[in-house]
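Comments concern the structure below.
A quick note: this is a predicted structure, and the numbers were derived from the prediction, not measured.
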Amino acid sequence: MRVVVVGQGYVGLPLAIRAAEVGHEVIGYDVDARRIKRLAAGESFVEDVSSERIRAALDNGTYRASESARDCGGFDIAVVTVPTPLHEGTPDLRYIKESAVTLARYLRPGATVVLESTTYPGTTQELFAPILEEGSGLTAGSDFHLGYSPERIDPGNAVWGFKETPKVVSGVNEASLKAVQDFYAQLVDTTVPVRSPKEAELAKLLENTFRHVNIALVNEVAMFAHHLDIDIWQAIDAASSKPFGFMKFTPGPGVGGHCLPIDPSYLSWRVQRELGQNFRFVELANDINSHMPEYVTRRISEHFNDRRRSVNGSRVLLLGLAYKKNTGDARESPALRISQLLLDMGAQVRAADPHVVESLPVDTRLVRVEPTPEELAGADVVVLLTDHDSFDYELVAEHAPFVLDCRRRLPSGPTIEVL
């Protein structure tokens with residue numbers, strides 16, 4: 001089949017390459033010309049997809065990256081994997097709308113369109129479908145198949161990749177569900193069908209809201225435990241020894257990526273708009289997790305205050321800019337907020353991250369460095385924000401004069417303090 005994947009980022013690229021590897025003719029469509037140029041040269045910017053896999057698909061003629069909407073023509077399957085950010089607390093679905101307008105021009109009877117972008121329940125049938133229908137003159141469910149399948153990409157996960165992770169699938173009717181499920185069954189080991197797109201859309205938000213709320217819980221407990229002189233990490237380890245009724249979550253400098261800082265707010269917005277009620281769990285979790293960067297900054301300030309020093313003029317080395325370990329994904333990373341806060345306080349902020357290579361929306365005063373012994377020793381404070389396996393933690397412990405370890409990766413010692 002001719003498959004068009006709209007969006008070639010952390011979600012769309014793994015899907016496109018996997019579809020190409022099973023034998024489909026795949027067009028990876030993206031409006032980012034620089035991204036398309038890199039892909040056309042066989043260069044990957046996503047850890048889960050190697051450059052070798054891209055080059056193999058290019059050489060086989062089963063994959064082609066394009067920024068031209070005309071290349072979307074003639075598709076049998078189209079999958080939309082575009083960003084869905086928040087704008088002043090409100091879901092921003094402009095990219096979904098633009099994708100629907102583009103695909104509608106090339107939509108033919110019998111084709112299948114699948115939305116994967118995370119969004120609020122009802123988007124597929126109430127927003128996406130009408131745009132496709134108006135632009136094509138066709139009717140969803142009878143003239144073409146339409147469904148929703150939430151993305152479950154976990155960047156850097158070596159165990160649960162795209163193929164191994166069960167795929168939730170849905171359709172606006174039975175025929176659409178079958179078309180969507182048949183497609184994904186070729187790509188993944190397991191598909192999980194649900195009644196309609198609304199259940200699939202809610203499933204995605206439920207997964208991320210569950211994580212968001214539990215991370216907020218342990219973050220708040222960690223802040224209290226520090227002031228009560230209790231080792232939160234030992235308490236978590238002890239609680240984790242219970243073989244039932246407990247799931248381990250650990251504190252950190254904040255949440256990042258698309259999932260936790262944004263996705264739960266989609267559900268909260270929908271509940272408020274449709275039911276006129278507040279989703280209090282989400283709002284509380286948002287408040288706690290979004291303020292963790294301020295808490296980390298306060299802990300750094302406390303360190304200087306205890307030594308009768310000021311943050312202003314001091315050198316701070318941040319280890320890690322990505323929002324999670326072993327990835328180059330810095331979307332909504334708390335490290336970016338922490339660096340900005342420290343810079344505004346007058347600190348000389350330097351950062352090391354071997355995975356984050358693309359340009360970041362950070363203050364130009366932030367200096368990128370390598371975590372050499374000299375760089376570590378020259379810092380007044382080293383802050384471990386992202387526990388990449390590639391960092392030499394023995395080197396950090398040996399040369400850094402003081403470390404605030406936000407991930408409990410370093411051995412305990414007089415110069416190392418955990419979050």
Side-chain angles (χ1 to χ4, degrees), residues 82-97 115-130 148-152 168 170 194-227 232 245-298 323-324 331-334 336-338 340-341 419:
V82 295
T84 49
L86 286 173
H87 180 67
E88 298 181 352
T90 300
D92 183 354
L93 303 183
R94 77 181 90 168
Y95 302 116
I96 289 181
K97 295 176 183 177
L115 179 62
E116 278 206 11
S117 303
T118 303
T119 186
Y120 59 80
T123 301
T124 303
Q125 291 158 281
E126 299 167 14
L127 174 72
F128 196 52
Y148 181 82
S149 179
E151 61 90 0
R152 279 178 164 175
V168 175
S170 68
V194 296
R195 186 181 68 170
S196 79
K198 287 185 177 181
E199 282 77 19
E201 291 160 339
L202 180 58
K204 172 64 176 179
L205 298 183
L206 181 59
E207 293 170 12
N208 289 337
T209 300
F210 173 82
R211 290 173 56 216
H212 191 45
V213 168
N214 280 280
I215 290 173
L217 170 64
V218 77
N219 274 337
E220 187 164 42
V221 173
M223 290 187 280
F224 292 148
H226 173 69
H227 293 293
I232 179 62
F246 182 82
M247 182 175 291
K248 183 177 181 179
F249 289 86
T250 56
V255 296
H258 185 285
C259 296
L260 301 191
I262 295 175
D263 294 355
S265 295
Y266 268 66
L267 183 55
S268 178
W269 176 85
R270 182 66 165 176
V271 169
Q272 174 63 44
R273 183 180 183 187
E274 294 298 315
L275 305 179
Q277 300 180 33
N278 295 327
F279 198 159
R280 291 173 291 173
F281 268 112
V282 169
E283 293 171 3
L284 182 59
N286 284 342
D287 182 64
I288 294 170
N289 287 335
S290 65
H291 284 92
M292 285 305 293
E294 281 80 0
Y295 174 70
V296 171
T297 306
R298 287 201 304 273
Y323 85 89
K324 72 189 295 277
R331 293 175 299 169
E332 307 295 331
S333 173
L336 306 184
R337 175 61 178 161
I338 291 168
Q340 189 64 61
L341 290 169
L419 189 65

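Note: I232 CD1 to T250 OG1 = 10.0 Å, rounded to the nearest 0.5 Å. Distance check, rounded to the nearest 0.5 Å: CD of Q272 to CD of Q277 gives 8.5 Å. A distance of 11.0 Å separates OG1 of T124 from CD of E116, quoted to the nearest 0.5 Å. Atoms CG and CE, on N214 and M247 in that order, are 8.0 Å from each other to the nearest 0.5 Å.
Between the side chain of S149 and the main chain of V168, a donor-acceptor pair closer than 3.5 Å is present. Here the side chain of Q125 pairs no donor or acceptor atom with the backbone of G122 at under 3.5 angstrom.
Of the listed residues (F279, Y148, W269, F128), just one forms a ring-ring contact (aromatic ring centres under 6.0 Å, His included) with Y120, and that residue is W269.
Across all their heavy atoms, L341 and T297 have their closest contact at CD1-OG1, 3.5 Å. When all heavy atoms are compared, the tightest approach of V218 to P251 is CG1-N, 3.7 Å. When all heavy atoms of S170 and V194 are compared, the closest pair comes out as CB-CG2, 3.8 Å. In terms of heavy-atom proximity, Y95 sits nearest to P83 at CD1-O, 3.4 Å. Closest heavy-atom contact between N219 and N289: ND2-OD1, 3.0 Å. Contact between P334 and V255 at its shortest, heavy atoms only, is CD-O, 3.6 Å.
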Handout entry: Full working for side-chain contact (heavy atoms from CB on, under 4.5 Å) between L267 and V282
Key = CA-CA 9 Å; L267 183 55; V282 169; 5.6 Å; no

Practice task
Mind running side-chain contact (heavy atoms from CB on, under 4.5 Å) on L419 and M292 for me, showing each step along the way?
Solution key: CA-CA 10 Å; L419 189 65; M292 285 305 293; 4.2 Å; yes

Exercise for the section: Could you go through the side-chain contact (heavy atoms from CB on, under 4.5 Å) check for Y295 and H291 one step at a time? Expected result: CA-CA 7 Å; Y295 174 70; H291 284 92; over 6 Å; no

Exercise for the section: Dump the intermediate steps for side-chain contact (heavy atoms from CB on, under 4.5 Å) on L93 and L127, then the final yes or no. Expected result: CA-CA 9 Å; L93 303 183; L127 174 72; 3.4 Å; yes

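Between Y266 and T118, every side-chain heavy-atom pair lies at or beyond the 4.5 Å cut-off. A heavy-atom distance below 4.5 Å is found between the side chains of S265 and N286. Within the 4.5 Å cutoff, the side chain of P121 has heavy atoms near those of the L205 side chain.
Within 6.0 Å of CZ in F249 there are more than 12 heavy atoms belonging to other residues, nucleotides or ligands.
Salt-bridge check for R273 with E126: failed, with every basic side-chain N at 4.0 Å or more from each acidic carboxylate O. Between R337 and E332 there is no salt bridge, since no side-chain nitrogen of the basic residue lies less than 4.0 Å from a carboxylate oxygen of the acidic one.
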